[in-house]
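First comes the structure, then the notes that go with it.
The structure presented is a predicted model; accordingly, all values stated were derived computationally and were not measured. The chains referred to below are lettered A, B, ... by the order of the sequence lines, with proteins before strands, and numbering in each begins at 1.
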Amino acid sequence: MLDIKWIRDHPDAFVKGLTDRGFDDPGATLNRILSLDEQRRTTIQQLQDAQARRNAASKEIGQAKQAKDETRAEALKEEVARLKTAIQDGEAAEREVNRLWHLLLAHIPNIPAADVPVGPDADSNKVLREVGTPTKFSFQPKQHFELGEALGLMDFETAAKLSGARFVVLKGALARLERALGQFMLDLHTSEHGYTEVNPPLIVRDEVMFGTAQLPKFRKDQYPTLQWVADIDGPKLKMTEHGLKRTDDPDAPWSSQDEEALQSIQREGALFREVYLQNPAGKWMDKLWRFELYRWLIPTAEVPLTNLVREDIVEQGSLPMRVTAWTPCFRAEAGAAGKDTRGMIRQHQFSKVELVSITTPEQSAEEHERMTECAETVLKRLEIPYRTVVLSTGDMGFAAQKTYDIEVWLPGQGTYREISSCSNCGDFQARRMSARYKAKGAKETRFVHTLNGSGVAVGRALIAVLENYQEADGSVRVPEVLKPYMGGLTKIAPAE
RNA sequence: GGAGGGGUGGCCGAGUGGUUGAAGGCACCGGUCUUGAAAACCGGCAGGCGCGCAAGCGUCUCGAGGGUUCGAAUCCCUCCCCCUCCGCCA
């Protein structure tokens, strides 16, 4: 979330930032947010004036009573009674304008850092460095799924029977290779890079997903979990013997989305629950009925790791805080239809070692470089060629100010593919989570900066190992650093 | 699934209608003392929002929303969240 004061003071930078990102109609967005902000402040001002008058009058009532001036006390009481309704209206108005204001702000992406190359898409990304040279083969290198399937250790058919498309069953040495990679990376980051290992929950609440900005805008990319409840009832919907029904209350507002929700509930038999939306400060409370959402499967460990400091005020001395986790990640991959349908490149479930740093604003830029190096070290040790690119404004994620992608060389595909993405989010996520720190010697609290990076994606690392370490006979050598984790196995060969 | 308990400042914890935005302690910051540190002592120290160049002023916040009242952290209603015990389960 952006700082509204910053937007007020830097309208041009705001419009430029959104324009560079390819955001839809930045000018209109600016006008909308500024007018909402104006409305919000007048509403607050009027409310506070009324409250101030009420408070003053209340005090006078006490004084009048002490002075035995009953007439005056009565007159004041009447005034307070009048003010009371005005205040109630004002409070309702404030809530509503706050809600709209907050909702709009929540849908606006972060502003790119000044040194990010400007461009509409990935073609404008800049390669910073290439490490290693693309592996040369005396034969035509195969793609990872050809190798894996030939080895009999990678099974997409069975996975489809169990779970549908975009899942895989790994067996034997490949299953172990996945474990070896994850463990190697975790060991590297904890013992050499100063990260603390964390084993976080994989299922999280709405507000946690909001904090790292998966919600509200990217709901469709996420996997919700369901929980059944028995006593379903509410102003708009009722649970009857025949399922969920609309109440007959003609005053209940009803939209096409509501209708859709109801149908979906009945179709899926999904959970229906009353939800209270609120920010960490407990404001802009909004009560609404929502179907099927209970909690979310994490799309990356960035979510629980970053939210570790949500609603906290941490001591400056504890920054930078560095945490890492090796977890499964779940992505609906909505909108990725037809992309990378073969093989393990794009799955609904994959595992990843994630790096997260919480820093002061002064530390974050340097930490970003450091984190990227930590991720690169993984590939260096695995002796796999890669290159590091800085993403252009049009290719960055919603929450990022600046992002480095690390791309590994995949000989089977004859191209570099993303294996890690390291982002500095500035205070964008911290605002959403209300994660602050007490600056040394200073009175005020400040928002922390948050950074996250893959260190690295384990599934894709496995692909990279297969393709870069393949032999003419379809076997795969085990990278030197992984041998201890593979029980001394040096080569994954086809079954005799 | 059943039964109970509880949500107060960065943390712990007092407070059951009237200078309580909130005692006390810890942590933190400044100072005295000390060669330095610790200890001790003195002082400071909640957050958000609005207005203001600032000093500051106003307002809100004791999980959230609503209600009672001249007045609510304290009373009432609804909801959210957490914990404990029993049952079931990994």
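- Here the side chain of A:Gln45 is nearest to one of B:C51, B:C81, B:C49, namely B:C51.
- Rounded to whole angstrom, the span from the CD atom of A:Glu315 across to the C1' atom of B:C29 amounts to 10 Å.
- When each of B:C28, B:G47, B:C82 is scored by its nearest atom to the side-chain atoms of A:Arg205, the top-ranked nucleotide is B:C82.
- Between A:Glu94 and A:Arg41 there is no salt bridge, since no side-chain nitrogen of the basic residue lies less than 4.0 Å from a carboxylate oxygen of the acidic one.
- Base pairing of B:C70: its partner is B:G18, meeting the Watson-Crick or G-U wobble criterion (both donor-acceptor distances under 3.5 Å).
- When distances are taken from the side chain of A:Arg40 to each of B:G48, B:C49, B:G10, the shortest belongs to B:C49.
- Taking a cutoff of 4.0 Å between a charged side-chain nitrogen and a carboxylate oxygen, A:Lys352 and A:Glu354 qualify as a salt bridge.
- B:A3 and B:G15: their C1' atoms are spaced 29 Å apart (whole Å).
- Ionic pairing of A:Glu207 and A:Arg432 is not present here: no N-O contact between side-chain nitrogen and carboxylate oxygen is shorter than 4.0 angstrom.
- B:A39 sits 30 Å from B:G48 when the P atoms are compared, rounded to a whole Å.
- Figure legend. B:U59 is base-paired to B:G48; pairs are counted as Watson-Crick or G-U wobble with both atom distances under 3.5 Å.
- Of the P atoms belonging to B:C82 and B:U8, the separation is 14 Å, rounded to the nearest Å.
- Rounded to whole Å, the separation between the P atoms of B:C45 and B:G56 comes to 11 Å.
- For A:Arg431 and B:G47, the CZ to C1' distance is 15 Å, given to the nearest whole Å.
- Checking B:G47, B:C49, B:C81 against the side-chain heavy atoms of A:Thr445 singles out B:G47 as nearest.
- The C1' atoms of B:A37 and B:G44 are separated by 23 Å, rounded to the nearest whole Å.
- Going from the C1' atom of B:U61 to that of B:A73 covers 11 Å, rounded to whole Å.
- At B:G47, one or more side-chain N or O atoms of A:Lys438 fall inside 4.0 Å of OP1 or OP2 (strictly under the cut-off).
- On the P atoms, B:U74 is 13 Å away from B:G21, given to the nearest whole Å.
- Taking 4.0 angstrom as the limit, A:Arg41 places none of its side-chain polar atoms (N or O) nearer than this to OP1 or OP2 of B:C49.
- A salt bridge links A:Lys16 and A:Asp20; the closest N-O separation between the charged side-chain nitrogens and carboxylate oxygens is under 4.0 Å.
- In a base pair of the Watson-Crick type (N1 to N3 plus N6-O4 or O6-N4) or a G-U wobble (N1-O2 and O6-N3), with each distance short of 3.5 Å, B:A90 is matched with no nucleotide.
- Within the shown strands, nothing qualifies as a pairing partner of B:U34 under the Watson-Crick or G-U definition with both distances less than 3.5 Å.
- Ion pairing between a basic and an acidic side chain is recognised when a charged N comes within 4.0 Å of a carboxylate O; A:Lys402 and A:Asp115 show such pairing.
- Nucleotides B:A64 and B:U69, compared at atom P, are 23 Å apart to the nearest Å.
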